[in-house]
Every structure is written in C-alpha cells, then in structure tokens.
Amino acid sequence: MTAAPLLDVRNLKKSYSIGRSGLFSKRSLKVLHDVSFSVAPGEVLGLVGESGSGKSTIGRAILRLIDSQSDVMRFDGQDLNSISPVRMRSLRKQMQIIFQDPYASLDPRKTIRAVLSEALDAHGLHKGAARVPRLIELVTLVGLDPSFLDRRPHEFSGGQRQRIGIARALAVEPSFIVCDEAVSALDVSIQAQVLNLLADLRAKTGVSLLFISHDLSVVRYISDRVMVLYLGRVMEVGPADQVHFSPKHPYTAALVSAEPSLHRENRRIRLTGEIPSPLALPSGCIFRSRCPYAQPACAETVPPLQTVGDQHQSACLRTDIL
Amino acid sequence: MLAFISRRMAAAVAMLLVIGTIIFSLLIIVPGDPAELLLSTGGGSASAEAIANLRVNMGLDKPVLTQYVTFLYNTARLDFGTSIVDNGSISSVIALRLPRTLEIIIAGTIFALLLAIPAGTAAGLRAGGKFDITASAINALLTSIPGFVLGTLFIFFFAQVLGWLPAGGYVAFATNPMQHLQMLVLPALTVGLHLATIVFRMTRASVLEMRGHDWVRTAVAKGLRRKRVVRRHILYNALGPIITVVGLQLGILLGSTVLVEFIYNWPGLSGLLVSAVEQRDYPTVRAVILTVAAIFIGINLVIDILSSLLDPRIRLQ
Amino acid sequence: MMSVRNFHKRMILPSLFLAALIIIPFAAPLITADDPVKIAVRYRLAAPDLEHWLGRDEFGRDRLARVLYGGQVSLTVAFVATTIACIIGTFFGLVGAYFRGPSEFVTSRLSDIVLCFPPILLALLVVTLFGPGSVTLVAVLSVLYFPTFARITFSEALRVTSLDFVEASRALGTPSYRIVLGTVLPNIAGPLSVQYSLTAAAAITIESGLSFLGLGVVPPAPSWGQMIRGARQFMNQDPLGIMIPCAALVLTIFAINFFCDRLRDTLDPKGASGSSMDEVSKPKAQADAPTIKDPDVVAVINKLRLETAHFGTPAVIEDVSLILRANQCTALVGESGSGKSLSSLALMGLLPGAIRQVGGTLQLRRKSDEVVDLGFLDARTLEDIRGNDIAMIFQEPMTSLNPIHKISDQMIEAITAHRPMSRSDARAHAIALLKRVGMNDAERRIDSYPDQMSGGMRQRVMIGMALSCEPRLLIADEPTTALDVTIQAEIIELLQTLRQDQGNGLSLLFISHNLGVVADIADRVAVMYSGLIVEEGPAAQILRDPHHPYTRALIESMPSSHEELNSARGDRLPAISGTPPLPSARPSGCTFRDRCPIALPACADIRPALYPSADGERAVRCLRAPEAPAGVMNHQTEAA
Amino acid sequence: MTPSDCLSPTRRGVLISLGAGIVAMSLPQGTLAQTPASVLKFGLSTFPPTIKPFDNTGGAANTVKLMLYRGLMGYDASGKLVTELADSFSWTDPTTVVFKLRPNAVFHDGSPVTSADVAFSLNAITKEGSTAFLKSDLKIISAVEAVDDKTVKITLKAPSAIFLDLLASYCCPVISKKSTDSETIGAGPFTLKGSEKNVYIEVARFKDFYMADQPRVEGIRFVAYADENLRYAALEAGDVDLIEYLPWTQFDTVEASKTLKMKATLGPFMFLLFNVTSGPFANPKVRQAVGYAIERQDVVEAAFAGRGEPLFGFPNPRGSTFDLADPAHEWKYDVEKAKALLTEAGYANGFECRLLATATYGMHQDTASVVQAYLGAIGINATLDLPDWGTRVTAGKEGKYDIAVHGTSGNYNDPDALWSLLYSGNPSYLQSFGFKSARIDGLLEQGRNEVDPDKRKAIYQQLVVAYYEEVPQVPLNWRIQAYAMKQSVEGFEQLPGFLSGSSGYALDETKFA
C-alpha cells in the first residue's frame, strides 16, 4: 500500500453494558479488543470470523452507527472521533453499507424510487429534473429494469432486493462501502451474480469495500486482503490468497480446513472445546482454549500481531507450527 | 433475583411517593368543603359557625404544607389515619373492603380463566375453523357489551324478572354463606365475562403464535401425542403472555369495578372511594388510591416474577 | 405476505360496517328533522309512531334523534380523545425509543405512573375536579390512554429501529426527524392503528360509563350513556328506551372491535386464517402401489406430487421419487424453494395444511420390518412412527427446542413417548445419548435450558433426541446451515460417525443447499430444481461429473470451486443468469431452460423425464444429457 | 310470607349450584335461613355519614338517629306534636316552659333519664365549638334549670312559636351526660347492634324503652342502596322490607302491585335560586319573569313522573296551621307576561346564563333540564352546569352560578320552617346568593317570636306578598315523597308535609302482619 489509507483504525474497542449484577454494579461485555486496520483507496478488505467475533460491530462502528472507542479512526483524512454531527452527516455520503438480510434492509412500505431518492435527498444530490435519469442509471447499474422503480420490495426476489440495497449504497457515490454479510443470505447461483456485480463495480468505480462474511471462499475471492477475527480480536491479517492457502494462525487454519469443499481433500484441524463465553475469556491468547497447539505460555501473554510475510501478520506465539 | 426485587421495591416506593403527591395536590384543588358537605347532606344547611367548628375538628384549618408533611410522615409509617367524616380508622375500613373487591375480581377471574383458556386454546388450534369463527364472534359481541350494560341487564333478568338471585347487596360470608355466594354470582359474572373475552383473545393469539414455532414441529416429529404437544409445547409456552395480560387486567379491574360495585351495591373498595370523593374525605381518598396503586405495582412485580419462573430465558438474564 | 387483493377483500365488510355506524350519526339531520333536545313532556314515553319511529323518551324528546345525535357526541368524544392520546403517546414513544437515554426514562416512568391509576377512578377524580362535560371527558380519556400508545409505540419503534433499513437510513445521513417520521412511523402504523381502534372502542365504553354515572356529557346534549342512565328508571315500563341506546352502543363497539380484529389479522400474517395445526395434510393412500421388496430399502418416495390447497394452483412438487436405503446417506440438494424440505416433511407426515399430496406414495419399513404406506395410517399410528421409526433434525437449533423446558424433560418425553420406561431410566438413557453425541459433562448439562447452550450444542441435543429410539431413517433438514463453519464440520463428522455406529443400519436423508457439505457426507445425491429432481446418482460421480446443466451451474457458481479466481485480478465467477421460477411461473418444457446456457429450442416443448444411465446408477432430467435417449431428442427436434 | 318469597330461595339455590357451584354445593342447606322475620330490613337511600346526635347529616342519618335517640318532644304518625321523654310540659309564661320527664325513661345503659341529662344535651348543642344543627336556633334558650331529677325548667330569651318543634327535632335528642365523643348513650327505642360503614346499620329492640309495647319489631337492619333503581329492585326482589325515597318512576308499579304498597306525602319542594349580586338576576323583575316562564306541571311530569304538585307561590308546608293561599301573588305559567317583564327589565332579547344543578341527584338534573327548556322559550339561554354534589354545594355557597336548582324540606309544618331558606342572617347554599331583604328578615323574626296564632297568620300573609315581590326564590313544585314496603309491613306511616323526614318516629309502631 503506497497511498495514504482511506480508512485508518487503531485500537478500536467496543463494550456493551448488560444489565446489572447487583443493585448498583454494572456488568459490561467487551466485544472488540483493540482492533487495528486500514483500508487503502480501491482496496477490498475481507473480514472473516464466526458468529460473535465482532465483525459486524466493526462495520457499524466505523460508520458511527454505534458508539465505540478508538485511539485513531480516520476516514479520508478526517478524524471520526472528533467530528461534529453535522460534518458526520455529510461524510456519510462517502461511506455506505450493504446489509445481510435482503428482507429487513428495505422498508417494506417504500417504493424503490423512494428508497433511492431518500439517499439522494439526504445529501441534496440530483435534484429536480436530474433525479429520474439518475435513478434509472442506478437501477441499470445494478442490473435491474428501470420499470422496477415504482415497485415495492415484496415484489422482488432476495437477489433483486440485494441489488436494490447495493443501488442505495451506490446512489451517493461513496468511496467506501461496508458489505455486511452482503451475500450470505443468497442462494449460490444468485450469490455468484451479486459477487460479480460487486467485482464489476469495484473495477468501474474504484470503491473501497470492507467485506464482512463468515464464508472464507467468498471473502478470498472478493478481497485483496483478509483479516481474521476471533472473539473481537484480530488473529491474522494478510493478502487474501496467502491467508487462505497458507494460513499462519492455527485458528485460520482450522477455519479453512473446516470449510466444506468439493475438490479439496479435507484434513480437518480439530478444535477442542467450545467457544468461550465473552464474559469469561481465557487469559493470554483467547484462542488457546480451543487451539490444538496451545502451550502453557499461551495463557500468559496476549500474542501481538507479528509480521509473518509480506503484508502478512499473525497473532500467534507459535510461529513454528504453520 | 433478590437484587431485582429490591430494586423494584425501591422504584415502587418512588412511584407511590409521586402518586401520593399527585393525589394530594389534586384533592387540594378539587372544589367542595368536607365540613360543609357533611352538614348539608340531603339538602339541609348548617350555620357558618358550625361548619367552621367542624373544619377545626377535621384538621382542615392547618396550612396545606403542614397537612402534606403530616400525610407523608404518616403514610411512610403505613398509618392512613382516620376518616375526617366519621373519625373511623381508614386502615380498618380498607382492610374490610379490599377483600370484597378482591373477592369479586378473583371469583370473576377464576370464572374467566376456566371458560376462556380452554375455549381460546381450542380456537387457536383450529384458527379459521367453525369453532373458532363461532367463538370469536361471540367473544367479539361480549367484548362489546360494556360492564354496566351487562350488569343492568343481569339485574333485570335474574333478579327482577326471574327472581333467581338478589338484585345486589352484600352479606358477610360468615353471617350467611349461601346468601353471600348468591350475591357474589352476578357481580363476579359481570366482571368475569369481560375478563374472559380478553383472556380468550389473548389465549387464542398466543396459542396461534406458539403453534407456529419450530419446537412444536420438533415435538410432533418426536411422535408425542397431540394432547401432550398442545399442553406442554403450546399451552405452557402461551401461559406467559396470558399471565401478563391477566395480571394487567387484575390491576385495571381493581379500579374499574366501580361500575359493577355501584350497580350491585357491593360494598367494595371502589364504592368506598366513590363515597369518599363525594364526601371529600381526603385521607380516605388518598389511602384508597395509594392502596390500589400499591397493589397494582405489587401485581406487576408478581407477574414479572411469575413470568420469570415460567420462562427460564427471563430468569437467566 | 398477504396480497393486496386479499387485504381488501377481508377488510371490505368490517370497513363498511364501521363506516356505516360512524356516518349514520353524523347524517342525523338527513334522517330525522327532530331536535334531540326539544322537550315535550306531554308526550313522555310515547310509543313509536310514524313520526317518531323509536318513540319518545322521559322528556318527550324524539328517541331516534337522541340516539343519532347521541352517537355524534359519543363518537366525537371517543375519537377526539383517542386521537389526542395517540398523538401524545406516539410522540413520547417515538422519542423514547429513537433517542433512548433520559427520554426513554421519562416516557416509561410517565406511563407507569398513569397506568397505576385505575382508569375509572382517575376519571372520577378529574371529573369531580373540573366538572363533567365533553371537554373534561376528552381530557380524561386522553390522559388515560396515552400511556398505552406510548408503550406500544415505544416497543414497536424499538423493534423497527433495530431493523436494517432504519440503520440504512441513518447510514445515508437522513436527518433523525425524517427517519422517525418517514421510516419508523409508517412501519409501526399497523400496531398503532389496531391500538387506535381498540382504544376508541374502550373510550366509547368509558364515556358511556361515566355518562351513565352522571359524570360525562352534560345534558341536554344527548349521549348514549346518559340515555341508558335515563331509561334505566323506566326499564320495567318501557324496555325499548334502554334497548335502543344499549344496542347502538354495543353495535358501535362491536363494529370497531370487528374492524380491529380483521385489521390485526390482516396486518399480522400469523393471525391470518392460516393453516391450523389440525390441518396437517394427511399422506394420500394409493391402493395399487407396489410395496418395498428389497430388505435394504428403508423408505420409498414414489412420484410424489404436492400442490397448495388452493384449487387450480400449480404443483409445488411436481415429481419426486427417492429410494432411501439402510447404511446410506442420500443428500437432497437444491436452492431455496426447490421443494427439498417439503419432500422430507411429507415422509414425516408433517406436511403443512396448506399443502396437499395429490399423487405418489410414501412407504416406510418400520423397525419391525413391516412395510407401511403412510397414506393408510391413522393419526395415532403416525405418532407412533414419528420419532420412533423416522426422526428428524431441523435447520434452526436455536428455535427447534422449547426454550422453557429443560433439555432433560424434552429428551425424556421423546424417549418415553415410544418406549415404556421409568423417568429415571429415560434420564439415564438421555445422558448416554448426550455423551454419544459428544457432549461433555452431560450429567450436568442435561438439566440446563436450551438458552444456556450454544447453537452447536443444541444441534447435538437435537441429534441425540432424534436418535433416542434408534430410528431406521433420520432426516436432517439443513442441520448445519445456521452454524459456524467449525461447528458445522463437527456436526457433519458426528453424523458420519453415528451413521456408522448405529446397529440397525441407519438411513440418512440429508437436505442441504451446500454442495461442499454434501460432498463430505453423502453417498448418493439428488439435485432438485423447481419441484423436480433433475439429477440423481452416486455423490462422487455427480459432483465430479455433473450431467445436468443446473448441477453444473451450482458447482461452478461456488467461489470455493474456483480457488484460482480473485476479483482483485478482475476475475468473474461463472454465474448463471436469472432466478429460479416460482411454481406459478414455471416455463414450459424444461423448467431450467430460461437460465440454461445450452438450451435448445426443443427444451421449450418437452418436459424431460428422469433418464436413467446405462448402468442404472444415475439419472438426469435433461435432453442434452448423455443419458437422454436419442429417440426423444430426435422426435422432439423433428416435431419442432 | 308470600308464595314467591317461599319459592325464590330454592330457585336461587338452583342457580347457585349451576353457577358459583363448588363452594355453594358443599354448604348445608340450613344456612339458607334468613334473618328472623321480625327484624325489619330498611333500604336507605344513602349510608348515614355519621350518626352524631346533634348534627344534621341527612335524612338517612336522621331516621337512624330517631331509632337510637329521643328528645323531650316528638311527633305521632299523623304529625301531631307529642311528648317523648317528657311526660308533660307547661308554659308558665311565654318564655318559660317546665317539663316533667317520664319516670320510666331510661338510657340504653340502664340509668334513668334525668334533668341533668337534658341540661347536658341542650348545652352540648349551644356550647362554644359545637357543630350542632340547631345551635343558632336554640340560642334562644337563656337558661336550663333542673328543678328536680325529673323536672326541667327552660327559660327563653324571647317568646317562640316553634320552640317545641325544635325540641321535637331529630337533631335535639336527650343523651346521657355520661356520653363521650366516641360513645353516645341515647334513650331511643332501639340500641345499636352493629354497623359497617357504607353498608348497613343494625339496631335491636331496647327492651326498657319507656313505651312498653314499642317498638314492635325485634330490630331493624338498615341497608344503604345509593342507587334508587337498585333500592327498588331490592324491595321487589324481597331483599328488604321497606325503602325510603321510592323512585317516582316506580309509583305506578307499586300502586299496581299486590305484594307492595307505599305511603306518600307532599313533602319537600323544588325551587330556583339566583345569584343576585350582579347580572340580570339582580333585577327582581327578571326573577319574576323566570317565575312566569316555567310550566310547572312539566317539571312534575318529567322530573317526578307526575308525582307532585305545581307550586306557584310561597311554599307554606302541608299540615301548616295557617292557610296562606293568595292567588294574587303567585306565578302562573304565562310566557307573555314573562317576556313583558324581561323587556321591562331591559332584556328583551334575552341573555346567556349558567344553570347550576347536580348530576348526583337525578331529580335536580331532570328539573334543570325542563327549566332550561322553558327559559330558552323566553330567550334566556342557560347552560347546564352539573358537577357532583360536593362541588355543587361549594358553587352554591360561593355564588358560582346564575340560576340554581334546589329542593329541600323544612323540619316542621309551620311557615317558620322556611327560616333557613329565607333569613339572610345565615347565608348558605340554600339561599339565593347575595340576597338580602330587611323586609323578609323582619317578617320572619316577627313570626317566630309571636305566639298568637292570628297575629302570626297576618305576619305570614305579608311574607307571602314579600316573597312574591322580592323573589328570594322561584318555587317550582311540591314533590311526593314515598316509602314503599311489602304488604306485610304494617303500622308504618309517612309523616305529613315537612315532617316527612321525621317519619322514623313511625317505626316505633311498625310491625309485620
């Protein structure tokens, strides 16, 4: 990465207070522990992890849809930690999100025209006569027919809805989109179509993506770099193919090996035990309770991200294994 | 659980304080002078001097702030004081009356539950079927008959035309159990029928909802007998919402038995409040409202505890 | 989702009814020329005549006029009060839910306090305070009812606010007030309007109740409650007097309730006249079906055809035939809506009531080796078979277990349903089962509730429960779809092991959309597309060398099939265009031809049969497959 | 017992076992036994707020008080003044009266009724801080002397024509000097047996009552039925034997009934009050106009189901010794005259005003409805104000109205009974707000202190004229007050006229057939 990063996040933390245990004391649940990463202009960063890993939380924290704490959070040179609400609102033009559930992400009561117009209205774009051509352009861009504009979401299939969601995100011509499990709910044949669409858009508009998914193959295919999360911590980050084909972290290796595949002969790395409760995380390396390679030392220190290759980092003490 | 209960108790006390204050202030601005009223019951008139003397006897000559502080202080000691009209102990009157109102409500509730839960379950299980359509239609009609209309009609038919039951009134159970129960029938029925319509709706909806859950399919797939599926996996799960609704209704009923008590001349708590308001018996009004509010809050607490006992998801939180 | 047409149809009657009852009072001047307050004491309690259709009341006023104008008053008071309550309550609820924090506190505490005052008592106090009259009534009723609106709005808005589309609006930078008014509000309009009607009905009741007590509308203005109060004295002499306002009151409240019920049913798909539990559609009996001869075969689905219960609708399953053998895992693969789950539910006798079996047979070899045709069994016998001879695991482990019963209870009831044994024996058996499905510390965890377990653990419980009576056939309907990959791998592995361990030769019917998973577990694969099996055969052959273009496309679409491709390098996935057709929009001929890259004109004319391969091991439903007999092709080509 | 009475418990039993079931089934049938037949069940219109002997807290309270307490004087069933605790009395001069007490009169605690008790009681009424109803009236007493144990001499400050009537009042009983604030000891025909606030009061026969053959029932159970329809329903259903304030709408039914009967009298009367401090009603002509504007028969018809008589002028009570009829000074229904008077007063086009009544009492509300209609006919647009009784009283006292409907009765059948309604020295919500007439006040004083019947009649004849000319109130109608009872109840009589409220005296002789 030569250019200055479009998005730079250092030590992102997030915790929820979950009720009270006594009359006064509050308990809190940490879902993100010091996550740091950056996204270059035009880059696709894949974010992989199982449920509870905090990947969606990262996406929403960056978009400031939820509160979070971080040492640095800069987007396009602007400090998101100190930005005024007014500036943030206009900055939203540059950062967008595509959701997982194509059914929940569209207001069932609004026509596609209204959905897309809302995006344009929010930033005063393409007013008056310029509006209709822009709407047509948007639906065409995502491979839909302009005649669909006056229909409501329930008239569309899941794949079509996801395209509408993409069109909404693209309406404001953002430079960065969070794709939060954007293809997970789709059937395989539709998923491929949408992935191709995203790939095309990326080529055409140079938009950066934070691509969140639990599906490693999808992430590998779409991303430049992949970041692997486990219980709110970064386990490994590196170029997509490298992370996928020669993972340096036992967790990544286990994930990849667990993935069902038609062609690869799977030699599954067995994980022991269950995912620990976020309320009672193991000391040291949080993966050690399930790690087949865990040593007593793993319990003592939280392994830092260490460089293990070109742009490739892994948070594992046992660099000797993989 | 203990922490939860103590927190709720603290909130309840705070709420009762607010409610007490609201009532106190309301009563100050309500027109009408208890002393004058008492001495002009039935259309007579009393001398200004007599009225003034009575006001002193009632303690109404003291400054409002003093009255308020006394009220708070006494209430905090759970001492409701005495009625300014007849100097009777308010606590004992409430202790006498409350069980009667509760009696109607409980008898009505038992009636409602016995009638509405089986009917609602049957209707929910066969939603859209003949029974459901008939029962729902009858239910909708019954819901639409206000309690006072129903009560009026009941008295007309059962007491005046048929002479089966007393038109109203009250005899203590200890004095004459049979007569007591006879007098209980119509008020309880009036309260119960209305509650039954609500419980029926809730049961039906709840059963309908529970019926669609995956675990019901699991239970059927396990090869359980239909009865067991209905009882253990539909009705038992549906109980939570039903209890919540019944509990909420019990609280509301506590106050809205006014019309029923009025129509049947049943000397319950509402009647006490109505006459206390009429007589501007401030301490009694405050005491009754605080009691009702406290019970309402108490019922809510009990419901929450009950629901958590029924549903481990709430308990485990 | 309810169609628009259906919505209208269901709402027509209640809407007309309600509209009539609301309009009639306000059309009073057109109906009667009489003045509702004009006293003519000389004619008091006069019987109905031509001029005064309903007679006269105790002041000699025309009853028709009074009941009509009284309706105006009652309705106006009720609706104005409800509207005010609705506006105030909705405001508080929206603000509380959207902005949370202190506004949430204010909203909820305010509602709590008002709700603590019993409604009629509060009304009584306020009426005493301000004196009776319509304005007081409206004020009282508004105060009484706004907390309910606040609560409903609050909880509904909270629900809606957490939905993705509201998040999307926020992400777009739409100002808060526009989100609240333009997005949140319309989406809670359903429950609100139901509450509105309910409240209006309640308000009419309370209004009349208060008027009945003399605390409501001030005479001589008529109101129904007041008419009842007046007529009550003459109930004996003149029952008509009390019947009229009572009827008007009851009818109006009924109309509102009726409307409200329908509205709720219409807005809430669950409440709609949906299938009832007892309407589980029965398997169909087919007298002349051949019975299973092969002792290895556990179950046979033969030419199954399912339709929705509506007359004249297309088949959701057109033709599915499957032979399930002992010690074999058959995978049924397809995208959503292809009909794979329905096929398996049919085998359990669990088809939803809205679906009917119109053709084909379902046969099963019980543990006793008796072969039964499900269509000939009564409900009781089906209950005996379920969980005993066939067991099933579902997709969503989070919802498939009853959250309010302990695992132990749910397992024990499954065991004792088919095996007479004591509770403690059943419990011991359940613990053994849990251990067998790989649950550590089973003795302790058997007494936990489902919510205390992770998804993987619950799925293990489900599997343990399914195996509790050692069924011949285990149906696993997308058992790993909801699970994380690592857990998925464990569950698949577990199923593999169990299948080998089971003494009586378990047959596994594995339903999945994920070909990767299928490759891991299945011996045979059947691929479904739009209600038809399009390809069937040994898993290894089909996944390595698919003959049907759809099977091929499925495999090709998976990114995992293309480990060399990366979008960063501008690569595209070989995707197929279009979407699977709905049953009502299947193309003629081959149902896949619209999306098929190798379709011929002939594909539009003929719906191919499942052509078996020469060795009989596999079959495919495609004119262009190697299995397709040349004759068919030629014949059709000529015809075209 | 009538056949239906015998039948009903069984039929009720059937329904019980059908309806409330379970508990009822397990009870022995014997518990069905009713209260002994010789206990009279009396349906009261309201529960006595208090039964303090000297306070006036309404008709129901007064009836109950008459059961427990008696004074020196009383009335018989025909309304004639008779001695109660007094055996005899004699006026030694116009301001001195000497009472001999009955030798056998004893209080409920067994102690004899003595002169000291009489002095104690009269003093309790007139003492400082007393809330007694008759406090101001009895200020006329200058001294009470106990001549001996059974002889009392009362000296008055001035002659009084109505002093004995005052002593016969239910608010002037003789109570034992041992009485305390919490316990009052009376000498009435019954003793208090039990009570529950707002529900019932039960009294039992006092065996040492000075009239040996009275009372004739073992006890009386007073049950309050605030709702008049329910009160009647209770009588019809046999729950009670006797009710007060039979609703007017049920008169016909009772008259036609074979099982029920009633005793009625033209007692209380309805009238209109005015706020004369400002506005149109400050002008007597306008008040006069109102007097002419109302068709009183319609009030009788609509508010009292025809059970009453129009009242056109001074409300001289039935049973009064004077005939004060004076057709020249009465308001007949005459719209033209009413309009003319309005025009004369400068209100030819009418005006707006507030008509105060109360929703608590149906007759007030109904009367107001009719009055409102007739006022409308002469251009006075009255808006009804129907607060609850408490607010009504305050509004009346504070003059928050233009016209007000009211109805009441006096305490004895003498024109002087109107004192509290007309005498401006003691303003209350019963009087037109701000009304003050030296002429009327003077005539009232004269009448009260004049003992010569002829002179008194002349004075009251002048009062009739003054009443018509100054219009302190506009009378509307006499209303019939009725007690209804089972046929089996004998000996009960309604006392005539203003004494209707003292009908409790007649319970002494009430018995079951």
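Order of the sequence lines sets the chain letters (A, B, ...), proteins ahead of strands, with each chain counted from 1.
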Query raised in the report: Any idea how A:Y251 and A:Y230 line up, ring-wise: parallel (<30°), tilted (30 to 60°), or perpendicular (>60°)?
Result: tilted
Report task. May I ask you to decide if the ring planes of C:Y550 and C:F592 are parallel, tilted or perpendicular, using 30° and 60° as cut-offs? Result -> perpendicular
Query raised in the report: Can you check salt bridge (charged side-chain N to carboxylate O under 4.0 Å, His left out) on A:R152 and A:D107, steps first, answer last?
Result: CA-CA 9 Å; A:R152 281 168 216 277; A:D107 187 341; over 6 Å; no
Query raised in the report: Can you list the steps and then say if A:Q162 with A:V183 is a side-chain contact (heavy atoms from CB on, under 4.5 Å)?
Result: CA-CA 8 Å; A:Q162 205 58 308; A:V183 297; 5.8 Å; no
Requested in this report: Please flag which part of A:M95 lies under 4.5 Å from any non-hydrogen atom of chain C: side chain, backbone, both or neither.
Outcome: backbone
Report task. Check whether A:V188 gets within reach of chain C through its side chain, its backbone, both or neither, counting any heavy atom under 4.5 Å. Result -> both
With chain C, which of [options] has the greatest number of heavy-atom pairs at distances under 4.5 Å?
{"options": "A:Q160, A:R109, A:R202", "answer": "A:R109"}
{"options": "A:I97, A:D215, A:L255, A:L106", "answer": "A:L106"}
{"options": "A:G165, A:A119, A:S51, A:A203", "answer": "A:S51"}
{"options": "A:L91, A:I98, A:V115, A:D241", "answer": "A:D241"}
{"options": "A:Q96, A:R64, A:M88, A:H214", "answer": "A:Q96"}
{"options": "A:A122, A:A199, A:P85", "answer": "A:A122"}

Verify, without hydrogens or angle tests, whether [X] (side chain) and [Y] (backbone) share a donor-acceptor contact under 3.5 angstrom.
{"X": "C:E335", "Y": "A:L186", "result": "no"}
{"X": "A:S84", "Y": "A:R87", "result": "yes"}
{"X": "C:D523", "Y": "C:P538", "result": "no"}

Under 4.5 Å from any heavy atom of chain A - which part of [X]:
{"X": "C:A553", "value": "neither"}
{"X": "C:N514", "value": "side chain"}
{"X": "C:Q488", "value": "side chain"}
{"X": "C:R544", "value": "neither"}
{"X": "C:E493", "value": "side chain"}
{"X": "C:T579", "value": "both"}

Query raised in the report: Is there a salt bridge (charged side-chain N to carboxylate O under 4.0 Å, His left out) between A:E118 and A:K110 once you walk through the steps?
Result: CA-CA 10 Å; A:E118 181 188 346; A:K110 287 187 180 147; 3.3 Å; yes
What option among [options] has the most heavy-atom pairs under 4.5 Å with chain A?
{"options": "C:H562, C:E490, C:H513", "value": "C:E490"}
{"options": "C:S561, C:S454, C:G456", "value": "C:S561"}
{"options": "C:L554, C:T481, C:V485, C:L515", "value": "C:V485"}
{"options": "C:T174, C:N187, C:L163", "value": "C:N187"}
{"options": "C:I487, C:L565, C:V517, C:L543", "value": "C:L565"}
{"options": "C:I555, C:V160, C:T183, C:D484", "value": "C:D484"}

Query - Atom CG of A:D67: over 12 foreign heavy atoms under 6.0 Å - result: no
Query raised in the report: Would one find more than 12 heavy atoms of other residues, nucleotides or ligands at under 6.0 Å from atom CZ of C:F99?
Result: yes
Requested in this report: Show your working on side-chain contact (heavy atoms from CB on, under 4.5 Å) between C:K340 and C:E478 and close with a plain yes or no.
Outcome: CA-CA 10 Å; C:K340 49 193 194 308; C:E478 305 255 14; 3.3 Å; yes
Query - Inter-residue atom distance A:L65.CG - A:T57.OG1, 0.5 Å rounding - result: 11.5 Å
